[in-house]
Amino acid sequence: MVREEIESLRAELHQHNYNYYVLNNPTVSDVDFDMKMQHLSDLEKQFPEFFDPLSPTQRVGSDINTSFTQIKHEYPMLSLANTYSEGEVQEFYQRVAKLLNEDFELVCELKYDGTSISLIYENGKLQRAVTRGDGEKGDDVTQNVKTIRSIPLMLHGEYLQKFEIRGEILMPWSVFDEINKEREEQEEPLFANPRNAGSGTLKLQNSSIVASRKLDAYFYSLLGGNLPFASHFESLQSAKQMGFKVSDAIKVCKTIDEVFEFIRYWDVERKNLPVATDGIVIKVNNFEQQRGLGFTAKSPRWAIAYKYQAEKALTRLNSVSYQVGRTGAVTPVANLDPVQLSGTIVKRASLHNADIIEALDLHIGDMVYVEKGGEIIPKITEVAFDQRFMIGEKVQFIKNCPECNSELIRYEGEAAHYCPNESNCPPQIKGKIEHFVSRKAMNIEGLGTETIALLYDNGMLHNVADIYTLQVSDLAKLERLGNKSAQNIKTSCDKSKEVPFERVVFALGIRFVGETVAKKLAQAFKNIEALESADFESLTSVDEIGERIANSVINFFSDENNIEIINKLKEHGLNLAISEEQQQEITNILEGKIIVISGTFSHHSRDEYKNMIELNGGKNSGSVSSKTSFLLAGENVGPEKLKKANSLGVEIISEDVFLQMIKKDFSESNENKDDKNKDDEIKKTTHNQPIMGTLF
Ligand code: IVH
């Protein structure tokens, strides 16, 4: 009964995923979908014996780190011969015509600008996903690929028993823009283009982050022994029917003029697509003819890629200005004569840092080439030296802050210059306040960039502590702020006093202290006084805290202004120590232990176990090695991990043993269960596991 219910829910949710992510045609509301998913997830938790790694619930990924295994490709992943010229496409056509000496068709497709992927399916199920690697062997990224909703985990209708399908994994423009916006707010380096962002994401070791990045995938090649298709086009139609996303921008052409028509049409139209493309791929359609043409050492003779020129424009450099960010990083920006590029008017371009300016040999008044390519922010790629008739002033990176005149510094090994005047440089103060109120920090609503600037300019905000002295009557006086908004801001400020200590540490905006590091510091030092007085040794002894972060923390707390601000925050009642509850959970029982988690658990989720390991001083790892202290194994523990643990003599323990080890009564999450049920529970979770012992 339950099994059938689980299976029917899985089938239904697979279909909804397909309708939404492949067909762009959802047939269920988001709420219904979420409810069904929740129901399935609850059933799977209740009945772990029906676990299936290909269940739709498994698409959320896991935050257990995994290192990738290398897999040899059955068919090498070659590349295509590239050209930027229509003349060479014509030559390709004539070469093929001569070699075949019979009628032939060409298929034109878009060339997707992402990361190539090879998927293996057997009996209708996704078995493995491997990156291109060096073409001979690639990384097994199955866990990450499973999080991509448009990739079928189970195939539709009639499918081939065993085959390989190749395609391109892409980060849609909308997701790319969103991620970069967030990174900009956090002053993290931006991704240059969706290709880099997508391939970086695919290689992340934490598949739950991959799941949050909403990647997509298009497929363009089906491989296998004895495939029942006569042509490439036919094979792609079959791939579509099996549930893969195959682009509709595909055309069978009989003449070279039809090919050119396709090229020209998509040169314009591709800009309206949700993902990046950088050209057209032209392939001989008939498989028999493809075999006849064969391969050169590097690429097939039956295909060619026509690449679109990266769009460039020539314009004049009028001046260079410098922007100061929250951390004091100074970014040079080129001010240009306005010029049309890829449908927008470009007036400014990023110059990145002093080294790039030097390498370009820029002079004011130079004619420069600006490019957009796959990049969102235009950049200067070259000076048109042949147009430099009068030489202007050489662009030299400024020595002093454009906002407060402090002398800039450059840290060893870093490309950026910084203004060190953290407490008095206006954009740094405003930036710090913006960071302090941001969602992942104190989460104060209603204080946007403009309001903060207004409050700062009116002398009502000098630092983050002043936020808590703002009065509704003062706020309401400001332009654009009514009584209601003012009241909302005040309420949100008061509410933020409940934000836990670790987020307050993050909100302080200490250089190099992001969310994760803030958490580590909060757990290790437990209160602000201990953190303030921490020395280099005690800081670097904390897991993942290196020299660079330690020095930055020491530097932050050695500034009188910062101490004064923290004292005020204390007076305003912010959480400057971890809570009693958190305190109780922290021990050093697992200090020095490296632990691998595998399988599904009954008392807590994997994430909860991972957190418990950290709170008790242990370290999580994704793969079993001789350094592993023990394998925490649940139901359906990964067979490879189990094998490796056994062969290396790594101890394997159940969740009950683990909970006893950290002195946590596992009954706390099963309060309603009587003792008999608890015994059953123990039997169930220890079932099938070869060695069970306590470590200490
Ligand atoms: S066919 C022998 N079709 O371009 C290679 N490739 O340099 C056959 N790509 O690594 C590949 N869109 O990742 C093919 N419609 C398309 C493509 C495509 C993008 C990528 C692919 C490959 C590279 C070729």
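In listed order, ligands and their atoms are each counted from 1.
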Shortest reach to atom 14 (C) of ligand 1 by a heavy atom, considering only Y220, Y218, F219: Y220

Y112 N/O under 3.5 Å from ligand 1 N/O: yes

Note: E168-R132 ion pair, threshold 4.0 Å (strictly below): no

Heavy-atom side-chain proximity of I263 to Y308 below 4.5 angstrom: yes

Enumerated ligand 1 atoms positioned under 4.0 Å from heavy atoms of E109: 3 (N), 15 (N), 16 (C)

Mode of K283 contact toward ligand 1 - side chain, backbone, both, neither (heavy atoms, under 4.0 Å): side chain

Within-shell test, M77 vs ligand 1, heavy atom, strictly < 4.0 Å: no

CD (E358) with more than 12 external heavy atoms under 6.0 Å: no

Side-chain donor/acceptor of N123 to backbone N/O of K162, under 3.5 Å: no

Ligand 1 contacted by A305 (non-hydrogen, < 4.0 Å): no

L110: numbered ligand 1 atoms lying under 4.0 Å from its heavy atoms: 12 (N), 15 (N), 16 (C)

E168 N/O under 3.5 Å from ligand 1 N/O: yes

Distance, nearest 0.5 Å, that separates NZ of K111 from CD1 of I282: 12.0 Å

L351: which of L360, T331, V333 passes side chain to side chain contact (heavy atoms under 4.5 Å, CB included): L360

P300 N/O to ligand 1 N/O under 3.5 Å: no

Q237-H232 side chain donor-acceptor pair, cut-off 3.5 Å: no

Part of V281 with heavy atoms under 4.0 Å of ligand 1, whether side chain, backbone, both or neither: side chain

